[in-house]
Colleague: 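I have a structure here, written as structure tokens, and I will follow up with some questions on it.
Residue numbering restarts at 1 for every chain, and letters A, B, ... go by the order of the sequence lines.
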2 protein chains.
Amino acid sequence: MAKENGDTYINMPLGKICSMVTKPYYGALTKKMEHLKLEKNFSVLILLEENKHCTQQYISDALQIDKVSMVKIIDGFAKQGFVKRVQNPKDRREYFVELTPKGQKILPAIHKAIKELNDIAFKDFTQKERDAFDKAIIKVYHNVKHFPSSHVIVYKTKKKT
Amino acid sequence: MAKENGDTYINMPLGKICSMVTKPYYGALTKKMEHLKLEKNFSVLILLEENKHCTQQYISDALQIDKVSMVKIIDGFAKQGFVKRVQNPKDRREYFVELTPKGQKILPAIHKAIKELNDIAFKDFTQKERDAFDKAIIKVYHNVKHFPSSHVIVYKTKKKT
DNA sequence: GTTAATAGTTAGTACTACGAACTATTAAAT
DNA sequence: ATTTAATAGTTCGTAGTACTAACTATTAAC
């Protein structure tokens, strides 16, 4: 139990924690990136930067966005010229989503915006506190990542009737 | 810098932290509450439990949900019989949103579901670690809460043309 | 007493989540 | 080897939410 600004609290539920921090952060990040004229899902671009040969399925799994939505997200980035789809010759069902030169060019600006906000968000943290925080988050993540979700992406094949 | 499951990372950005934890948690929470046949915004009910005489505007501000969306959210709960609107006689523009007996009755089940998930999410935390985590979150919250957001709820009055 | 601001509302647009079903392709079963 | 099942990506349709603009009723400000 601790006190903060007159509010007494007994260990906050995770949902409250998430909503407290997520909304202002994403709002600010979106605003900060307005001038880049990016779709909201810039995390896709970051994933593409980190991993070569991402299929849409892989991106969907990694970012926990269902693959139906992912089609339109990739369409949007492709339309803007940030990514292109390249069919995998070894498995022609798959399309690798790759950054175009224009896509690669915009990434530093994305990282800059993220860094600036993070520097503010954690401005009064010592490195030790920051590391402890990350460690705690990782622990929580491992505890929750296998939760049975109502948003599990299940693909079922059905025959024509 | 720390290591986890072979992944090396240097202090995660807040956005990654949020999305890592938020999605599985909310997915599980929604599933856990399926049988209650609740709308997704059960946080509204919790807020109503904690605060008497909540106006819709107050709820919108507190939960960072715009007031236009709030109309439908309250409509939904009212339709289900969990809340009712009561006009403030001292300012007839305002409507207090109040829990009905049915609404009050369902809250223990909501708290139970939240507690069960939180117990799992923080299962390997000592009380000291848990308190430190909350403290860190509060600090981050204070750092980000006044971010200029692209989602600021601005109400503009305009004259008829 | 007119003007401005506020609480709540409706209409309309845009984005996302999701289920179902479809095509093309590859893997598995027998 | 041929049938069957599974997978990657897609389209369609539905639902929820975010947001802008504009509106009514009411109250506050000048």
Colleague: Output yes when a side-chain donor or acceptor of B:T100 lies under 3.5 Å from a complementary backbone atom of B:G81, and no otherwise.
Modeller: yes
Colleague: Can you check the B:Q57 CD to C:dA5 C1' distance for me, whole Å?
Modeller: 12 Å
Colleague: Rounding to a whole Å, what distance do you find between A:D66:CG and D:dG9:P?
Modeller: 13 Å
Colleague: Return the nearest nucleotide to the side chain of A:N41; candidates are C:dT16, C:dT10, D:dT11.
Modeller: C:dT16
Colleague: So if I take every side-chain heavy atom of B:K67 and compare against D:dT10, C:dA7, D:dT20, which nucleotide ends up nearest?
Modeller: C:dA7
Colleague: Roughly, in whole Å, what's the span from CD1 in A:I74 to P in D:dT11?
Modeller: 13 Å
Colleague: With the side chain counted from C-beta on, respond yes when B:H53 and B:E94 share a heavy-atom pair under 4.5 Å apart, and no when they do not.
Modeller: no
Colleague: If only side-chain N and O atoms of A:Q56 are considered, is one of them under 4.0 Å from the OP1 or OP2 phosphate oxygen of D:dG9?
Modeller: no
Colleague: B:T55 near the nucleic acid: base, sugar-phosphate alone, or nothing, with a heavy-atom cut-off under 4.0 Å?
Modeller: sugar-phosphate
Colleague: Write down the distance between OH (A:Y58) and P (D:dT7), rounded to a whole number of angstrom.
Modeller: 18 Å
Colleague: Could you walk me through whether A:Y25 and B:N143 pass the side-chain hydrogen bond (donor to acceptor under 3.5 Å, both in side chains) check?
Modeller: CA-CA 10 Å; A:Y25 180 78; B:N143 288 342; over 6 Å; no
Colleague: Please list residues of residues 83-94 of chain B whose heavy atoms come under 4.0 Å from any atom in DNA chain C, ordered by number; otherwise none.
Modeller: B:R85, B:R93, B:E94
Colleague: Given atom CZ of A:F77 and atom P of C:dC15, what is their separation to the nearest angstrom?
Modeller: 12 Å
Colleague: What is the distance, rounded to the nearest whole Å, between atom CD1 of B:I73 and atom C1' of C:dG8?
Modeller: 14 Å
Colleague: The side chain of B:I65 lies closest to which of these nucleotides: D:dA18, C:dA20, C:dG8?
Modeller: D:dA18
Colleague: Between D:dA18 atom P and B:D61 atom CG, what is the distance in whole Å?
Modeller: 14 Å
Colleague: Under the side chain to side chain contact (heavy atoms under 4.5 Å, CB included) rule, what do A:F82 and A:L48 come out as? Steps first, then yes or no, please.
Modeller: CA-CA 11 Å; A:F82 293 123; A:L48 295 179; over 6 Å; no
Colleague: For the pair made of OH in A:Y95 and C1' in C:dT26, what is the distance, rounded to whole Å?
Modeller: 14 Å
Colleague: Are side-chain heavy atoms of B:F77 and B:L99 found at a separation under 4.5 Å?
Modeller: no
Colleague: Within a strict 4.5 Å, meaning less than it, do heavy atoms of the B:F122 and A:V140 side chains meet?
Modeller: yes
Colleague: How about B:F42 and B:L107: do any of their side-chain heavy atoms sit closer than 4.5 Å?
Modeller: no
